[in-house]
2 protein chains.
Amino acid sequence: MRELCLPVGLSGDDLKAVDAAVGNRTRLKKGDSLYRTGDSFAALYAVRLGTLKTTVLAEDGREQVAGYHLQGDIIGLDGLGTERHGCGAVALEDSEVCTIPFEHLEELARDVPPLQRNLHQFLAREISRDHGVMLLLGSMRAEERLASFLLNLSERYRARGYSSTEFVLRMTREEIGSYLGLKLETVSRLFSRFQEEGLLKVSGRNVKLTSVAALRQLVGQRG
Amino acid sequence: MRELCLPVGLSGDDLKAVDAAVGNRTRLKKGDSLYRTGDSFAALYAVRLGTLKTTVLAEDGREQVAGYHLQGDIIGLDGLGTERHGCGAVALEDSEVCTIPFEHLEELARDVPPLQRNLHQFLAREISRDHGVMLLLGSMRAEERLASFLLNLSERYRARGYSSTEFVLRMTREEIGSYLGLKLETVSRLFSRFQEEGLLKVSGRNVKLTSVAALRQLVGQRG
DNA sequence: GGTGAACCTTGATCCTGATCAAACTGGAGC
DNA sequence: GCTCCAGTTTGATCAGGATCAAGGTTCACC
């Protein structure tokens, strides 16, 4: 079992040191919270197995899904270097994460420059990801948002060696809507419409993309 | 002139080292680009004077304002540790920034733990900021968005020692709309309406908040 | 295997903000 | 001081998605 929680390009001693920094695994059952908004921040988490959602909370109590996280994703970055988590994280199915105590990681990053660089890249990637979501929420129509969401999932499943065209959604229509800034009825209608138009086949949470090209075109048009 | 581009809690030698890492100042005229999306990433920038906007670009060419940056803000973080800038940055008025070469900073962060911590905090804060924008774009109505935007500006001016109730907007209605996911006409109408309702006085880009409490209530309601 | 709750679909209607259009304003440049 | 143009305001209309409502489906749990 040579794989790493942080996919760094390291070798030898460095790698061992990183291995040591990675704490034990935690099993989560569907619905379990890994951490909640406002919890004191002490560690990052690498998703080993399963799917989590992170949610942001407005002062008035409104909650919104900020992201979905699959195997290999690192979560908790938003609390890095601060006192408290700004998000909450909940398992959408039985999952497993490993804990990366932050004190240790920060220290390690000082001694292992490639790791430091890697950490920075993770953070920057998180920022870029968020910018993508802002673009989606700020300037796309409902159908573009859903298409974009499905293509994003597709790409991520592909990268993990799963089918990129046939997968099971781990979240409800309401959660999808929350992430996309839409109501659940709108999400449901869009799935139906996409199916009518031959872009995909959907049955509850089972999705089969039948025309990735058409979905791409949907996202890319306008301009 | 003892102030720092990165407001770190350092002293003595550390402080000198950081000072040394901060490159020279650059003057920007209104409309000048500091960097563009896709430019190779080499440095962060601290805003010394003026106002900048950062913009994200979709593949299809759509552009959206990702943030407005005032004196003391650090920009360019999204490119950190990666090859290219994911955003563009443009001066909204004559401005001045100082360049913080990234290679140097990363190296320095290894030797000066408080600086490392500070850098991480900046990154985490940027992520949290983006989450706030996602919340705004995903779940607020138009009037809540504008109120939220104005209160945010107000707070930031206050923190910088300027009036928190009377200021000049440095961006056009269209740019405000782009940031808030609204059209310029909607922004204009909202300003007029807020004025009618006695929340503020507006004349072109001059804004005077006359009822911060009412603006707050507007944002906070819905539960 | 049956039951109930959570989740999903679909329909009808409403409303917010987009779009189209036209006139007004103010400031930069001559 | 005048001109011109980018930016702003305001009006009229439209449409996308929200909301309200009512069944239908699935699956976890007993």
Side-chain angles (χ1 to χ4, degrees), chain A residues 29-32 53 62 64-65 90-94 136-150 168-197 200-207 218 221-223, chain B residues 29-32 51 53 62 64-65 90 92-94 136-150 168-197 200-207 218 221-223:
Chain A
K29 277 189 301 187
K30 181 173 173 174
D32 285 354
K53 67 171 176 181
R62 264 176 286 188
Q64 185 174 327
V65 174
V90 176
L92 294 178
E93 59 181 324
D94 292 359
L136 179 144
L137 292 172
S139 67
M140 288 187 180
R141 327 165 19 91
E143 57 181 21
E144 297 177 280
R145 295 185 200 186
L146 185 60
S148 176
F149 171 69
L150 291 170
V168 176
L169 299 171
R170 297 303 177 179
M171 64 295 286
T172 67
R173 301 288 190 258
E174 185 168 24
E175 286 166 331
I176 296 174
S178 172
Y179 180 62
L180 299 177
L182 302 171
K183 291 294 160 188
L184 70 97
E185 294 95 328
T186 303
V187 174
S188 179
R189 276 184 241 275
L190 284 170
F191 271 122
S192 302
R193 186 146 71 77
F194 282 0
Q195 179 161 259
E196 273 172 32
E197 291 167 351
L200 51 76
K201 286 196 191 310
V202 61
S203 169
R205 304 214 179 161
N206 299 289
V207 174
L218 203 55
Q221 75 195 190
R222 168 188 314 256
Chain B
K29 278 189 300 185
K30 181 175 172 172
D32 285 354
T51 311
K53 67 171 176 182
R62 265 175 286 188
Q64 184 174 327
V65 174
V90 176
L92 294 178
E93 60 181 323
D94 293 359
L136 179 145
L137 292 172
S139 67
M140 287 187 181
R141 331 170 12 95
E143 55 181 21
E144 297 176 281
R145 296 186 200 186
L146 185 61
S148 175
F149 171 69
L150 291 171
V168 176
L169 299 169
R170 296 304 177 179
M171 63 296 285
T172 67
R173 301 288 189 256
E174 185 169 21
E175 285 166 331
I176 295 173
S178 171
Y179 180 62
L180 299 178
L182 302 171
K183 292 294 160 187
L184 71 95
E185 295 95 328
T186 302
V187 174
S188 179
R189 274 185 241 274
L190 284 170
F191 270 121
S192 301
R193 187 147 71 78
F194 282 0
Q195 179 160 258
E196 273 171 33
E197 291 167 352
L200 49 76
K201 286 195 192 307
V202 61
S203 169
R205 306 217 179 157
N206 300 288
V207 175
L218 204 54
Q221 75 195 187
R222 169 188 309 261

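Protein chains get the first letters and strands the later ones, always in sequence-line order, with residue 1 at the start of each. Every heavy atom of this structure was used, including side-chain atoms; hydrogens, water molecules and symmetry mates were not.
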### Message
Quick one, B:V207 and B:F191 - any side-chain contact, counting heavy atoms below 4.5 Å?
### Response
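Yes, their side chains come closer than 4.5 Å.
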
#### Entry: Min side-chain heavy-atom separation B:F194-B:E143 under 4.5 Å
yes

### Task
Could you pick out which residue, B:V202 or A:L184, lies toward the 5' side of DNA chain D when each is mapped onto its nearest nucleotide?
B:V202

What pairs of nitrogen or oxygen atoms, one from the protein and one from nucleotides 11-16 of chain C, lie under 3.5 Å apart?
from, atom 1, to, atom 2, distance (Å)
C:dG11, N7, A:R189, NH1, 2.9
C:dG11, O6, A:R189, NH2, 3.0
C:dA12, N6, A:R189, NH2, 3.2

### Task
Please report how far the helix from C:dG1-D:dC30 to C:dC30-D:dG1 bends, comparing the axis fitted to its first five pairs with the axis fitted to its last five, to the nearest 10 degrees.
60°

Whole-Å distance between [N] [atom2] and [X] [atom1]?
X: A:Q195; N: C:dT10; atom1: CD; atom2: P; value: 9 Å
X: A:F194; N: C:dT9; atom1: CZ; atom2: C1'; value: 16 Å
X: A:L137; N: D:dG17; atom1: CG; atom2: C1'; value: 15 Å
X: B:K183; N: D:dA12; atom1: NZ; atom2: P; value: 22 Å
X: B:M171; N: D:dA6; atom1: CE; atom2: C1'; value: 17 Å
X: A:F191; N: C:dT9; atom1: CZ; atom2: C1'; value: 13 Å
X: A:L180; N: D:dA18; atom1: CG; atom2: C1'; value: 15 Å
X: B:M140; N: C:dG17; atom1: CE; atom2: P; value: 13 Å

Assign [X] to base, sugar-phosphate, or nothing according to its heavy-atom contacts below 4.0 angstrom with the strands shown.
X: A:G177; answer: nothing
X: B:R193; answer: nothing
X: B:R205; answer: sugar-phosphate

Which distance, rounded to the nearest 0.5 Å, do you find between the [atom1] of [X] and the [atom2] of [Y]?
X: A:L92; Y: A:K30; atom1: CG; atom2: NZ; value: 8.5 Å
X: B:Q64; Y: B:L137; atom1: CD; atom2: CG; value: 6.0 Å
X: B:L190; Y: B:F149; atom1: CG; atom2: CZ; value: 12.5 Å

Nucleotide nearest [X] (side chain, heavy atoms from C-beta), chosen from [options]:
X: A:T172; options: C:dC7, D:dG7, D:dT19; answer: C:dC7
X: B:S192; options: C:dA18, C:dC7, D:dT10; answer: D:dT10
X: A:L182; options: D:dG7, C:dC8, D:dA18; answer: D:dA18

### Message
Is there a side-chain contact between B:T186 and the phosphate of C:dG17, meaning an N or O under 4.0 Å from OP1 or OP2?
### Response
no

### Query
Would you find a donor on one side and an acceptor on the other, under 3.5 Å apart, between the side chain of A:R205 and the backbone of A:V168?
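Judged by distance alone, no pair lies under 3.5 Å.
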
### Backbone N/O of A:S139 and side chain of B:R62: donor-acceptor pair under 3.5 Å
yes

### Query
Considering all heavy atoms of both residues, which atom of B:S178 and which atom of B:V65 are nearest to each other, and what is their separation?
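Of all heavy-atom pairs spanning B:S178 and B:V65, the closest is OG-N, 2.9 Å.
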
### Taking every non-hydrogen atom, the tightest pair across B:G31 and B:V90
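Minimum heavy-atom separation between B:G31 and B:V90: O-CG1, 3.6 Å.
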
### Qualifying salt bridge (Lys or Arg N to Asp or Glu O under 4.0 Å) pairs with a residue from residues 174-189 of chain A, counting only residues at least two apart or across chains
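Salt bridge (Lys or Arg N to Asp or Glu O under 4.0 Å) check on residues 174-189 of chain A returns A:K53-A:E175.
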
